[in-house]
Amino acid sequence: MKDETLFYCYQCPSSGYYKINGYKYFCGEDFRTEKRYREYLDCGFNMVQARGENSYKGEGWEGSNCQRVFIEALKAGCDKILVTDGRFDHWIRDERDLVGEGKLFVNETELDKAVAECIAPYCNQKGFYGIQLFDEPIYDQFPAYGQIMRSIKRLLPNVYVQANLLPMTALESLLQPQKTCAQDVAADKMATETISRTEIYKKYVEDFQTITGADNIHFDEYPFRREYIISGNTLPNYQLVARICQEKGLEFRAVLQSFANIWNGTEHNRRMTESDMYWQTNFAMGFGVRDYSFYTYMAKPDFDNKNGAMVELDGAAFINLDGSQTALYGYTKRIIAEMKQFLPIMKQYAYCSSHIVTETGKTHEDYDWTKFAYENEPCSFAVSVDKGVALVTKQTNAFGALYMFENIGNVRDELFDGIPPMKLCAELPSGEKAFYFRGETVEASADENGVYSFDLKVGDAIFVEIKSAK
């Protein structure tokens, strides 16, 4: 596996065109320039996507949008460019199974020839780093997905392949094989009614890995919903994938939320706060995530569907469509720098378990965003909180353990109700200890009873490394 942790965004610097209700507008600037890519890199990102309007579709390399991304991103100093090839997306979406009698390709040799022709214009370009395959495949697309993925790996063994799966929030029908026979549909409906969403998703993820041979699991799960609701699927989604990665020796990659959650412009528009970004990034690190992407960098350019980031909202993404930076850009830049400082420590460990701690008189089932937990492993030492709910994760290696203690409460309580930080107390195991907060090593000492106490605002986390603890 690669050594460097990747940070990158969807909706990278755009052409400056956007649509509202089917009408196309130009905001006055094409953002695909050296200056704008430098701004992107300056936030802490180290890989650029050539996706959407910048994907390559075989139109001829010279003068293509994809080539422009390479030229300008390279001038800005980016040596990692991830290409989406529209032809691969088409094959996965429309063909489902590519190889065999009566299929698009008679055998793998023919498939490899076609894939080689597709990637030839860009795979040897300076800065080429990888290929991004069809986003969020449904279950029935796995065979074609795996065939293309394996073909790419045969041709380019060391290339980075991004395969982003559906999250647990997806429609259950998309996470399972599609039935065509009426009898099979009825039987499938009956079976689904007796199987939990978690079990359906577990099979979706495990079968993807088995069918494709992927060496990682990558998904997008966005916790922060309109009206300051936290998704009940985020915790079990991370727990389940972390467990699968731990059992199968896979790398864990995730897409984090950076867009404002909107619902047809009729309800509260949920912007991302600084606490939200700490909440997500600490949460992801606690589960051992290795690569971090964000949706989305620029405000979404198509407003026919108003469920995503919008231009008229300040802070709807890192960059508004007029090119101005939002507050989100500023504090995420600082957070990524803190993460890069701490990740060399975290990456020495592998995920082991997670535990939920609640205030006295409550359980994890009393909170909408923790009640569907996939697992709640007993903690080997006493941990308590004076209010709200906290997440404890454990990662281990041959020499010790790395614990994360995070306040995973709802930022609404601090913003609107003025609730003070949580006090978390832990009787930590014996061993040589180091404490980390926002990337820095910090001092901490136990009281006369051997109890360590930490004041944590929503989204804050303290990481504790204990050598010799198992």
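Below, each value reflects all heavy atoms present in this structure, side chains not excepted, and no hydrogens, waters or symmetry copies.
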Undergrad: Taking all non-hydrogen atoms of both residues, which atom of Tyr367 and which atom of Gly388 are closest, and how far apart?
TA: OH-O, 3.3 Å

Undergrad: Could you tell me how the ring of Phe88 sits relative to the ring of Trp91: parallel (under 30°), tilted (30 to 60°) or perpendicular (over 60°)?
TA: tilted

Undergrad: Any side-chain heavy-atom pair from Phe294 and Tyr10 closer than 4.5 angstrom?
TA: no

Undergrad: Output the distance between atom CE (Met404) and atom OH (Tyr351), rounded to the nearest 0.5 Å.
TA: 9.5 Å

Undergrad: Looking only at the aromatic ring of each residue, does the gap between the centers of Tyr145 and Phe208 stay below 6.0 angstrom?
TA: yes

Undergrad: Would a 4.5 Å heavy-atom cut-off, applied to side chains only, mark Ile319 and Tyr329 as touching?
TA: yes

Undergrad: Is it true that the side chains of Thr273 and Asp276 contain a donor and an acceptor less than 3.5 Å apart?
TA: yes

Undergrad: Kindly indicate, with the supporting measurements, whether the criterion side-chain contact (heavy atoms from CB on, under 4.5 Å) is fulfilled by His218 and Ser293.
TA: CA-CA 10 Å; His218 187 293; Ser293 50; 3.9 Å; yes

Undergrad: Please work out whether the ring planes of Tyr436 and Phe342 are parallel, tilted or perpendicular, with thresholds of 30° and 60°.
TA: tilted

Undergrad: Is it true that Arg253 and Glu251 make a salt bridge, defined as a side-chain N closer than 4.0 Å to a carboxylate O?
TA: yes

Undergrad: Under a 3.5 Å cutoff, is there a donor and acceptor pairing between the side chains of Glu221 and Asn233?
TA: no

Undergrad: Are the side chains of Met298 and Phe318 in contact, using a 4.5 Å heavy-atom criterion?
TA: no

Undergrad: So, Gln257 versus Gln280: side-chain donor-acceptor pair below 3.5 Å or not?
TA: no

Undergrad: Roughly how far, to the nearest 0.5 Å, is the OH atom of Tyr8 from the SG atom of Cys78?
TA: 12.5 Å

Undergrad: Taking Trp279 as the fixed residue, which of Phe224, Trp369, Tyr222 is the one that meets the ring-ring contact (aromatic ring centres under 6.0 Å, His included) rule?
TA: Phe224

Undergrad: To the closest 0.5 Å, what do you measure between CZ (Arg51) and CG (Asp85)?
TA: 13.5 Å

Undergrad: I'd like to know if the side chain of Asn320 and the backbone of Gly323 have a donor-acceptor N/O pair within less than 3.5 Å.
TA: no

Undergrad: Side chains of Lys333 and Phe45, heavy atoms from C-beta outward: is any pair under 4.5 Å?
TA: no

Undergrad: For Lys387, I'd like to know if atom NZ has over 12 heavy atoms of other residues, nucleotides or ligands within 6.0 Å.
TA: yes

Undergrad: Salt bridge or not for Glu465 and Lys433, using N-O below 4.0 Å?
TA: no

Undergrad: Does the side chain of Asp460 pick up a donor-acceptor pair with the side chain of Asn407 at under 3.5 Å?
TA: no

Undergrad: Would you tell me whether Gln395 and Tyr403 have side-chain atoms, one donor and one acceptor, within less than 3.5 Å of each other?
TA: no

Undergrad: How long is the straight-line distance from NZ of Lys202 back to CG of Leu175, given to the nearest 0.5 Å?
TA: 14.5 Å

Undergrad: Does some side-chain heavy atom of Thr84 sit less than 4.5 Å from a side-chain heavy atom of Ile131?
TA: no

Undergrad: With a cut-off of 6.0 Å (strictly less than), are more than 12 heavy atoms of other residues, nucleotides or ligands near OH of Tyr349?
TA: yes

Undergrad: Taking NZ, NE, NH1 and NH2 as the nitrogens, is one of them in Arg93 or Asp89 under 4.0 Å from a carboxylate oxygen of the other?
TA: no

Undergrad: Rounded to the nearest 0.5 Å, what's the gap from CZ on Arg438 to CG on Asn282? Could you check?
TA: 8.5 Å

Undergrad: Does Glu199, at its CD atom, have more than 12 non-hydrogen atoms belonging to other residues, nucleotides or ligands within less than 6.0 Å?
TA: yes

Undergrad: Under a plain distance cut-off of 3.5 Å, with no hydrogens placed, do Gln325 and Glu39 share a side-chain donor-acceptor pair?
TA: yes

Undergrad: In the structure I gave you, are the side-chain heavy atoms of Glu406 and Tyr278 within less than 4.5 Å of one another anywhere?
TA: no

Undergrad: Any chance NZ of Lys80 has more than 12 other-residue heavy atoms, nucleotides or ligands included, within less than 6.0 Å?
TA: yes

Undergrad: What about the rings of Tyr228 and Phe416, do their centers lie closer together than 6.0 Å?
TA: yes

Undergrad: Is Leu343 close to Met285 at the side-chain level, that is, under 4.5 Å between some pair of heavy atoms?
TA: yes

Undergrad: Is Asp386 salt-bridged to Lys423, cutoff N-O under 4.0 Å?
TA: no

Undergrad: Locate the shortest heavy-atom distance separating Leu98 from Gln147; write the atom from each residue and the value.
TA: N-OE1, 2.8 Å

Undergrad: Any donor-acceptor pair under 3.5 Å linking the side-chain atoms of Gln176 with those of Tyr204?
TA: no

Undergrad: How are the rings of Phe252 and Tyr238 set relative to one another: parallel (under 30°), tilted (30 to 60°) or perpendicular (over 60°)?
TA: tilted

Undergrad: Could you check if a side-chain atom of Thr169 sits within less than 4.5 angstrom of a side-chain atom of Ser231, using non-hydrogen atoms only?
TA: yes

Undergrad: Hey, could you give me the CG/CG distance between Asn410 and Asp413, rounded to the nearest 0.5 Å?
TA: 5.5 Å

Undergrad: Will you find, in the side chains of Asp291 and Gln162, an N or O donor that is under 3.5 Å from an N or O acceptor?
TA: no

